[in-house]
Amino acid sequence: MDASQASDRPASNRPASDRGVSDRRASDRHWNLALFGYGLIGLSAVVAAHPQAYLFGKIMSVPGWAPDLPFGMGFHELVGFAFLAPIAWLSRGTAAALRGLLFCLLLTPLPALLRFAADPGQWHSGLPINLAFNYLWIQLSCVAPALAVLVPRLALALGRRLRRGRTGANGEG
């Protein structure tokens, strides 16, 4: 029986080794999706709950507890780190971490922008430009924490790849 016939069989009739691989991949996808959901829902909720801290304005107001943060860490960095670090560090695979962070950063501003657009005071001819500018402004405040959590993950992956390449090329470990 060739490989094409084996994949046509139901999962219960496949050899145990094939079932284990597909079960592990499905488990990895579910895990990565759960991490993405945690990051996206959490970060979007904070951005929507405190839009004045993320939207462009002459005065940025942050929650009352934010000035008491240690080590000069700002409100944006703490929130971004708390919700993006699990995606970067716990995702199963570097590509999954990159995808999760990218999609989280692209979708995070939407709730705050919807709240901004729902304000009747903003309904004028400049609304589309204001929305685009604020989208980029929110992205700017979330990029630094994303890079702070992504760079160590990429450095570890590169180190593993280089170490694997060195031992594989020489044939000795």
Side-chain angles (χ1 to χ4, degrees), residues 22-161:
S22 65
D23 290 345
R24 189 176 70 238
R25 285 185 186 147
S27 173
D28 289 351
R29 276 194 304 270
H30 293 301
W31 175 254
N32 292 337
L33 188 60
L35 290 172
F36 169 71
Y38 165 78
L40 178 64
I41 292 169
L43 192 55
S44 294
V46 171
V47 170
H50 300 285
Q52 67 280 9
Y54 286 92
L55 296 175
F56 182 77
K58 292 179 184 176
I59 298 173
M60 287 182 58
S61 60
V62 294
W65 52 265
D68 298 328
L69 292 173
F71 311 115
M73 181 180 277
F75 174 71
H76 301 105
E77 290 84 10
L78 174 70
V79 170
F81 189 83
F83 289 109
L84 297 176
I87 297 172
W89 295 340
L90 300 177
S91 291
R92 296 184 178 149
T94 305
L98 282 168
R99 271 192 314 270
L101 284 173
L102 178 66
F103 284 121
C104 190
L105 287 176
L106 290 174
L107 297 174
T108 290
L110 297 180
L113 294 177
L114 289 172
R115 187 172 172 188
F116 177 76
D119 179 12
Q122 301 297 330
W123 295 352
H124 51 77
S125 62
L127 180 62
I129 292 172
N130 285 343
L131 287 173
F133 182 77
N134 277 310
Y135 180 85
L136 294 174
W137 191 258
I138 294 171
Q139 290 293 332
L140 186 62
S141 66
C142 293
V143 164
L147 288 175
V149 298
L150 184 62
V151 168
R153 171 72 186 246
L154 293 177
L156 285 172
L158 179 64
R160 285 187 197 127
R161 182 172 287 181

- Message: Restricting to ring-ring contact (aromatic ring centres under 6.0 Å, His included), what partner residues turn up for Tyr135, sequence neighbours left out?
- Response: none
- Of all residues at least two apart in sequence or in a different chain, which pass the ring-ring contact (aromatic ring centres under 6.0 Å, His included) check with Trp89? Phe81
For [X] against [Y], the heavy-atom pair lying closest together:
X	Y	result
Ala117	Leu127	CA-CD1, 4.3 Å
Gly39	Ile87	CA-CD1, 3.9 Å
Arg153	Arg92	NH2-C, 4.4 Å
Leu84	Val149	O-CG2, 3.9 Å
Leu105	Ala146	CD1-CB, 3.7 Å

Sequence neighbours left out, what passes side chain to side chain contact (heavy atoms under 4.5 Å, CB included) with [X]? Give chain and number order.
X	value
Leu102	Leu106
Ala96	Asn32, Ser91, Arg99
Leu40	Phe36, Ser44, Cys104, Leu107, Thr108
Leu147	Val143

- Task: Walk me through it: do Trp31 and Leu90 pass the test side chain to side chain contact (heavy atoms under 4.5 Å, CB included)?
- Result: CA-CA 9 Å; Trp31 175 254; Leu90 300 177; 4.3 Å; yes
- Within residues 106-130 or reaching into it, pairs that qualify as ring-ring contact (aromatic ring centres under 6.0 Å, His included) - sequence neighbours excluded: none
- Task: List the steps, then state whether side chain to side chain contact (heavy atoms under 4.5 Å, CB included) holds for His50 with Val46.
- Result: CA-CA 6 Å; His50 300 285; Val46 171; 4.2 Å; yes
- Message: Filter on salt bridge (charged side-chain N to carboxylate O under 4.0 Å, His left out), then keep only pairs touching residues 139-151, sequence neighbours left out; what's left?
- Response: none
- Message: Considering only residues two or more places apart or on different chains, which pairs with a residue in residues 101-124 satisfy salt bridge (charged side-chain N to carboxylate O under 4.0 Å, His left out)?
- Response: none
Any chance you could measure [X], atom [atom1], to [Y], atom [atom2], to the nearest 0.5 Å?
X	Y	atom1	atom2	result
Asn130	Leu113	CG	CG	10.5 Å
Thr94	Leu156	OG1	CG	9.0 Å
Leu140	Asn134	CG	CG	12.0 Å

- Arg161: side chain to side chain donor-acceptor pair (under 3.5 Å) partners, not counting sequence neighbours: none
